[in-house]
2 protein chains.
Amino acid sequence: MPQKQRADARSNRERVLAAARETFAAAGLEAPMREVARRAGIGVATLYRHFPTRADLVTTVLAERVEACGVQMRRALDDPDPWRALSGTVLEFADRQVRDQALNEALLGSGEVSAAFGAERREHAQALNVLVARARAAGVLRAGVDVDDVRAGLLAIASLRRLPARTSAQVIGRLADLVLAGIRV
Amino acid sequence: MPQKQRADARSNRERVLAAARETFAAAGLEAPMREVARRAGIGVATLYRHFPTRADLVTTVLAERVEACGVQMRRALDDPDPWRALSGTVLEFADRQVRDQALNEALLGSGEVSAAFGAERREHAQALNVLVARARAAGVLRAGVDVDDVRAGLLAIASLRRLPARTSAQVIGRLADLVLAGIRV
DNA sequence: GCCGGAACCGGAGCAGCTGTTCCGCTGTGA
DNA sequence: TCACAGCGGAACAGCTGCTCCGGTTCCGGC
């Protein structure tokens with residue numbers, strides 16, 4: 001692949017990515033391509049030249065955020081306090097959900113979009129396994145609680161995405177606390 | 001308005017309602033009108049003659065289910081055991097969510113569809129207030145838990161609607177237990 | 001039994017949204 | 001300067017809710 005991309009094309013690609021980040025975070029992954037193009041100040045054809053299909057754009061935008069999740073997860077795995085590691089993960093997950101309408105779907109969703117992040121999702125699931133196992137070994141989990149309970153809680157938080165923005169932040173915060181109270185001993 | 005509706009029209013109206021019940025419960029409230037008509041074995045024009053707008057059909061189908069919710073709520077208010085009343089309400093809510101993809105949205109949602117059930121939603125909210133107040137008075141709730149926490153839990157259960165049907169039943173069950181564990185003392 | 005017009009029906013069609021492509025023009029950079 | 005990578009916006013295809021209209025069916029009166 002020759003590097004002979006023109007300078008204006010490179011700058012347009014960046015503008016598309018910036019506009020897509022804003023749009024998807026504010027309006028969710030279903031935001032129309034025309035809206036992304038409009039916000040970037042370019043035509044739809046230009047958008048499609050850089051990202052041949054909608055899924056390509058979504059995947060590219062999500063990739064960097066997913067990596068940020070990975071960083072947080074690895075930090076949690078290094079935390080010597082098992083409860084702080086697990087509860088921090090849940091709270092940060094909820095916080096990301098409030099800030100970014102589009103992200104968590106990639107880690108928990110089942111659509112074709114999130115299929116592109118198979119490896120990351122497996123890593124995420126594996127790390128969650130470890131965090132829960134450690135917390136249980138430390139005796140801070142209520143009897144009978146397992147990984148799938150925690151995952152159900154995370155899924156629920158992620159599913160609240162569609163609520164009106166005014167209330168969703170409060171509801172998500174309450175739900176995260178509720179989930180933590182539900183799994184703690 | 002004269003009662004001179006013809007017999008075939010009456011029967012068609014019933015077929016539309018039956019088809020709509022099936023379709024909405026299986027595919028959610030967003031199911032296309034054409035699909036309802038197809039399942040009923042009639043044309044779309046006939047469907048629109050009986051229900052002039054999409055919202056009319058949805059409202060009519062939901063009305064009977066919403067009433068069933070009211071019945072359950074009133075039964076819970078009569079239960080002398082505060083915890084059984086509240087936890088039973090949460091569990092029945094989750095169970096309805098599993099069986100009917102479309103219902104709970106009407107009680108908790110914020111779209112224009114659920115606006116038609118303002119009175120029922122207020123009654124539902126009021127009953128929930130009473131149930132939570134009684135449970136707190138009985139000392140079965142964890143300190144600091146209030147109605148909005150319970151409502152956040154119910155909202156979360158209702159939001160899981162979009163999950164693939166295969167897994168949603170299990171996830172909803174786990175989440176309901178998690179919510180109950182989170183609010184109990 | 002059957003007649004006639006009001007009531008009713010089906011499906012093609014309209015308007016508006018989406019993702020995606022085509023093509024003539026523009027502006028970059030060697 | 002000028003070839004050609006790159007651009008914008010109209011247009012296409014396919015979905016949606018909803019409507020129009022010519023043909024069909026019911027049913028009260030004879």
Side-chain angles (χ1 to χ4, degrees), chain A residues 1-20 23-24 26-62 101-102 105 109 111-116 162, chain B residues 1-20 23-24 26-62 101-102 105 109 111-116 162:
Chain A
M1 43 194 70
Q3 281 297 99
K4 58 193 331 185
Q5 196 181 38
R6 243 164 59 179
D8 54 344
R10 281 183 68 86
S11 105
N12 269 340
R13 185 191 159 90
E14 282 313 307
R15 289 170 70 185
V16 167
L17 273 177
T23 311
F24 289 157
L29 289 180
E30 296 86 356
M33 296 291 262
R34 280 171 175 76
E35 172 61 23
V36 175
R38 197 193 55 75
R39 195 186 284 241
I42 62 167
V44 280
T46 303
L47 196 166
Y48 274 93
R49 204 163 305 104
H50 290 292
F51 302 93
T53 181
R54 173 186 182 76
D56 292 325
L57 177 59
V58 172
T59 300
T60 305
V61 168
L62 286 181
Q101 301 251 29
E105 208 169 74
E112 64 259 43
V113 167
S114 48
R162 302 189 162 269
Chain B
M1 42 193 71
Q3 280 298 98
K4 56 195 330 186
Q5 196 183 39
R6 249 165 55 177
D8 54 345
R10 281 183 68 86
S11 104
N12 268 342
R13 187 191 157 90
E14 281 312 308
R15 289 169 70 185
V16 166
L17 274 178
T23 310
F24 287 157
L29 289 181
E30 296 87 356
M33 296 293 260
R34 280 171 174 78
E35 172 62 22
V36 175
R38 199 191 55 74
R39 196 186 282 243
I42 62 168
V44 280
T46 304
L47 196 166
Y48 273 95
R49 205 164 302 108
H50 290 292
F51 302 93
T53 181
R54 173 187 183 75
D56 292 324
L57 177 60
V58 172
T59 300
T60 305
V61 167
L62 253 38
Q101 302 249 30
E105 208 167 70
E112 65 260 43
V113 167
S114 47
R162 301 188 163 268

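Numbers restart at 1 for each chain; the letters A, B, ... are given by sequence-line order, proteins then strands. Computed from a predicted model, the values in this text were never measured in an experiment. Quick note: numbers below take in every heavy atom, side chains included, and nothing from hydrogens, waters or symmetry partners.
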### Message
If you define the side chain from C-beta out and look only at heavy atoms, does anything of Leu57(B) sit under 4.5 Å from Val16(B)?
### Response
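When only atoms from C-beta onward are counted, Val16(B) and Leu57(B) do touch, with a gap below 4.5 Å.
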### Task
For residues Leu17(A) and Phe51(A), determine if any side-chain heavy atom of one lies less than 4.5 Å from a side-chain heavy atom of the other.
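The answer is yes; the side chains approach within 4.5 Å.
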## Note on the structure
Contact string for nucleotides 14-25 of chain C, one letter per nucleotide 5' to 3', B = base within protein heavy-atom range under 4.0 Å, S = sugar-phosphate only, - = neither, reads ----BBBBB---
### Five-pair end axes of the helix from dG1(C)-dC30(D) to dA30(C)-dT1(D), angle between them (10°)
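Here the helix ends are tilted 10° relative to one another.
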Please give, in whole Å, the distance from [N] [atom2] to [X] [atom1]?
X	N	atom1	atom2	answer
Arg6(B)	dA7(C)	CZ	C1'	5 Å
Ile42(A)	dT26(C)	CD1	C1'	16 Å
Leu47(B)	dT19(D)	CG	C1'	13 Å
Arg13(B)	dC9(C)	CZ	C1'	17 Å
His50(A)	dC7(D)	NE2	C1'	9 Å
Asn12(A)	dT28(C)	CG	C1'	13 Å
Arg38(A)	dC7(D)	CZ	C1'	19 Å

#### Entry: Straight-line distance of His50(A) NE2 to Ile42(A) CD1, nearest 0.5 Å
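If we round to the nearest 0.5 Å, His50(A):NE2 and Ile42(A):CD1 are 6.5 Å apart.
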#### Entry: Gap separating the CD atom of Glu30(A) from the CZ atom of Phe24(A), nearest 0.5 angstrom
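That separation rounds to 9.5 Å.
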### Message
Regarding Ala7(A), tell me which of base, sugar-phosphate or nothing describes its non-hydrogen contacts under 4.0 Å with the strands shown.
### Response
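Sugar-phosphate: the residue Ala7(A), judged by heavy atoms under 4.0 Å, touches backbone atoms but no base.
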### Message
How close do Arg54(B) and Met33(B) get, counting heavy atoms only, and between which atoms?
### Response
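Result for this residue pair: CA-CE, 3.6 Å.
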### Task
Identify the two heavy atoms, one from Ala19(A) and one from Val36(A), that lie closest to each other, and give their separation to 0.1 Å.
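Shortest heavy-atom contact: CB-O, 3.6 Å.
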### Query
Name the one of Val58(A), Thr60(A), Thr59(A) that satisfies side-chain contact (heavy atoms from CB on, under 4.5 Å) with Leu62(A)?
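Among the candidates, only Val58(A) passes.
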### Query
What residue pairs, at least two apart or across chains, pass side chain to side chain donor-acceptor pair (under 3.5 Å) with a residue in residues 33-47 of chain B?
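Every side chain to side chain donor-acceptor pair (under 3.5 Å) pair that includes a residue of residues 33-47 of chain B, provided the two are not neighbours, is Glu22(B)-Arg39(B), Thr23(B)-Arg39(B), Glu35(B)-Arg38(B).
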### Task
Name the closest nucleotide to the Thr46(A) side chain, picking from dT28(C), dC9(C), dG8(D).
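Of all the options, the side chain of Thr46(A) is nearest to dG8(D).
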